[in-house]
Number of protein chains: 2
Amino acid sequence: MPDPMWKQIAEDLRQKIESGVLGSDGKPLPTELELQADYSASRNTVRDAIKWLVGRNLVYTRSGQGTFVAPKVDPFVTKLVAGSQSSAEGDSQAFTAEVLGLRRLPTVSLPRVEILAATGLPARELAVPRGTTVISRHQQRYIDGVPYSRQTTFYPMHLVERGAARLINAEDIREGAVHYLERELGIREAGWRDRFNVRLPDQDEGAFFSLPDDGRIPVFEIVRTGYDDSGIPLRVTVTTYPADRNQFVMEFGRVPGVPASDRSEGSHE
Amino acid sequence: MPDPMWKQIAEDLRQKIESGVLGSDGKPLPTELELQADYSASRNTVRDAIKWLVGRNLVYTRSGQGTFVAPKVDPFVTKLVAGSQSSAEGDSQAFTAEVLGLRRLPTVSLPRVEILAATGLPARELAVPRGTTVISRHQQRYIDGVPYSRQTTFYPMHLVERGAARLINAEDIREGAVHYLERELGIREAGWRDRFNVRLPDQDEGAFFSLPDDGRIPVFEIVRTGYDDSGIPLRVTVTTYPADRNQFVMEFGRVPGVPASDRSEGSHE
DNA sequence: GCAAATTTGTTCGTATGTATT
DNA sequence: CAATACATACGAACAAATTTG
């Protein structure tokens, strides 16, 4: 059974795009009417083909203008630090990470601090009953002005009651919240667990990252739960990154040099 | 500006699905004809709404049968080991990982071994010129019979020339290829770098994992490059996992207990 | 095993709305 | 304002897959 016509058209266009016949990076494709004539198909069928290409991020459409070849993105490479460099952690680095690459300017929003009742994930990770009061500190991070990640850290309220008052100030904790807790309360983060996950963005994330609504681009979600010496959760940080422009690198043991910022391509058998 | 009608229908159905009004896990939705009547819309408009739901993995359709509420998946949780437990590595664990959870039976295919000319990623990561001969060892892994991951490890040919003959045997290296190299040649893997990436599956991966062709489900790609004491690449392992049923966990320092196999849900502000 | 009924999949045509130039 | 191009919506017909009688 042959592929449906829309799929054949889509594959033909894909091949033409990837081989560069249709130009690259912002070059307009023929209009739907022209494609309709080229392939002797109805406009709706051509549109089905274009929809498939849009879903693969090969083209994008703009009302009233046309359909264009999508540019290849140069991904941000975030290095997740495995060692215990956490002393250098700032609030803006509450999720210990480092953006690699030259000529890239990271900026961070001021934290938005909320006092709220723990639900779902925060309650579970902090091992407190639902409804327990927790502190939430939320920040948005940009690279070269482009939204890069959002993160929210939840702390149990008893940390404030025991003296860590700055947790409820809407100001950056320059030395790093984890380090602040250690200096102020003598509570050390003895270890942490990271969970990696990929899921579709919720509405807020979609708006912040300007992601399309069609579920074509997922987000990385990294949940980092930190524990003190007794194994009691100290904090949980949820960070999300759009998956279309982010990569993560981790290193263990002795590793030479700086990783080239390469985007892997397809299969390698 | 109100949402288009197909979107309103989609949102209404989404709400009905998530609140359980339409039943769960395999319950059929009303047929397109019924929905057409319910919403006073054309069949094509109803179909646009359903397409959106399919894209979010909320429903799936089966020709000749109907549209059904998609089951929630219980994800595999893979633990990426950060320490140097690599001595316990088998070929089937060449990518040091551990599947968490009870009642889960991992199985591994026999390796498919190929001798080929390095291209693209393998050449780059092994720091050899394109065209250099390398060994490729490919394996497929299943959990409870469900395709779980595919991985290909590339080794420089000179390892075989220096005595590591078993690399080119299509048999599992039980003690682990990395350990075998150390015992046989005295070459130790002093460190490694992991790159995490999310991309759409290629054709092979789509077929192996039974992923839909519409680009709705991406794959995790983890590229692990191992280096010897002098910083020379020893091997590069490319492992892919379908993103819809996999999560990754890493732990650093002292972390209590076993992580609950929770799926995070939505936003947590 | 076959035929009918049901349901989704594909393709066409057409009309109108909205965004951009 | 007009022209162009994509977006939405309707209606219709037939194909393909599946279940049922």
Side-chain angles (χ1 to χ4, degrees), chain A residues 1-14 17 22-23 26-70 206 210-216, chain B residues 1-14 17 22-23 26-70 206 210-216:
Chain A
M1 231 30 30
D3 274 347
M5 193 188 303
W6 67 263
K7 185 68 185 299
Q8 293 180 40
I9 296 173
E11 287 289 0
D12 187 65
L13 287 172
R14 183 182 63 78
I17 289 166
L22 289 173
K27 279 273 169 57
L29 262 64
T31 68
E32 292 177 351
L33 250 57
E34 288 168 328
L35 291 172
Q36 176 175 355
D38 290 352
Y39 291 102
S40 307
S42 78
R43 188 171 158 233
N44 281 333
T45 303
V46 167
R47 280 176 60 76
D48 283 343
I50 291 177
K51 248 179 248 168
W52 187 85
L53 295 169
V54 169
R56 318 219 107 191
N57 301 317
L58 289 167
V59 304
Y60 60 95
T61 58
R62 284 210 291 228
S63 271
Q65 290 189 59
T67 304
F68 306 87
V69 178
S210 304
L211 299 178
D213 172 65
D214 55 9
R216 149 167 54 109
Chain B
M1 220 60 2
D3 273 349
M5 193 187 302
W6 66 263
K7 186 68 184 300
Q8 293 180 41
I9 296 173
E11 288 290 0
D12 187 65
L13 287 171
R14 183 182 62 79
I17 290 165
L22 289 173
K27 280 272 169 58
L29 262 65
T31 67
E32 293 176 352
L33 250 56
E34 288 167 329
L35 291 173
Q36 178 175 353
D38 290 352
Y39 291 101
S40 308
S42 77
R43 189 176 156 224
N44 279 333
T45 302
V46 167
R47 280 176 60 75
D48 282 343
I50 291 177
K51 251 179 246 166
W52 186 84
L53 295 169
V54 169
R56 321 220 84 173
N57 301 318
L58 289 168
V59 304
Y60 60 94
T61 58
R62 283 209 293 227
S63 275
Q65 279 189 268
T67 304
F68 306 86
V69 178
S210 305
L211 299 179
D213 171 65
D214 55 9
R216 153 165 54 106

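- Distance from the side chain of B:Thr45 is smallest for D:dC10 among the nucleotides C:dT10, D:dC6, D:dC10.
- Contact annotation: A:Thr67 side-chain N/O to D:dC6 OP1/OP2 distance is under 4.0 Å.
- When each of C:dC12, C:dT8, D:dC10 is scored by its nearest atom to the side-chain atoms of B:Thr31, the top-ranked nucleotide is C:dT8.
- The interatomic distance linking B:Leu35 (CG) with C:dT6 (P) rounds to 17 Å, in whole Å.
- Looking at B:Glu34, its side chain does come within 3.5 Å of a backbone N or O of B:Thr31 through a donor-acceptor pair.
- Put simply, the side chain of B:Leu13 does not reach to within 4.5 Å of the side chain of B:Val59, judged on heavy atoms.
- Counting only heavy atoms from C-beta on, A:Arg43 has its side chain closest to D:dC6 among D:dC6, C:dT10, D:dA9.
- Side-chain atoms of A:Glu32 lie closest to D:dC6 of the nucleotides D:dC6, C:dT8, C:dT11.
- A:Phe68 has its CZ atom 11 Å from the C1' atom of C:dT21, to the nearest Å.
- Side-chain N/O atoms of B:Gln65 include one lying less than 4.0 angstrom from OP1 or OP2 on D:dT19.
- In this entry the distance linking CD1 of A:Ile50 with C1' of D:dC6 reads 9 Å, nearest Å.
- Mapping A:Gly64 and B:Gly66 onto DNA chain C by nearest heavy atom places B:Gly66 at the nucleotide closer to the 5' end.
- Going from atom CG of A:Asp48 over to atom P of C:dG13 covers 14 Å, rounded to whole Å.
- To the nearest 0.5 angstrom, A:Asn44 atom CG is 7.5 Å from A:Lys51 atom NZ.
- Remark: B:Arg47 is in phosphate contact with C:dG9, judged by side-chain N or O atoms under 4.0 Å from OP1 or OP2.
- If you check D:dA7, C:dC12, C:dT8 against the side chain of B:Thr61, the one that comes closest is C:dT8.
- Put simply, CG on A:Asn44 is 17 Å from P on D:dA13, counting in whole angstrom units.
- Residue contacts shown for B:Arg62 are limited to sugar-phosphate atoms, with no base heavy atom under 4.0 Å away.
- Between A:Leu33 and B:Ser63, the one whose closest nucleotide on DNA chain D sits nearer the 5' end is A:Leu33.
- From A:Glu32, atom CD reaches atom OG1 of A:Thr67 across 5.5 Å, with rounding to the nearest 0.5 Å.
- Atoms CG (B:Asp214) and P (C:dT10) sit 11 Å apart, rounded to a whole Å.
- Between B:Gln36 atom CD and D:dG11 atom P the separation is 7 Å, expressed in whole Å.
- B:Thr45 OG1 to B:Gln36 CD: the interatomic distance, rounded to the nearest 0.5 Å, is 8.5 Å.
- Following rounding to the nearest Å, A:Tyr60 (OH) and D:dC6 (P) show an atom-to-atom distance of 13 Å.
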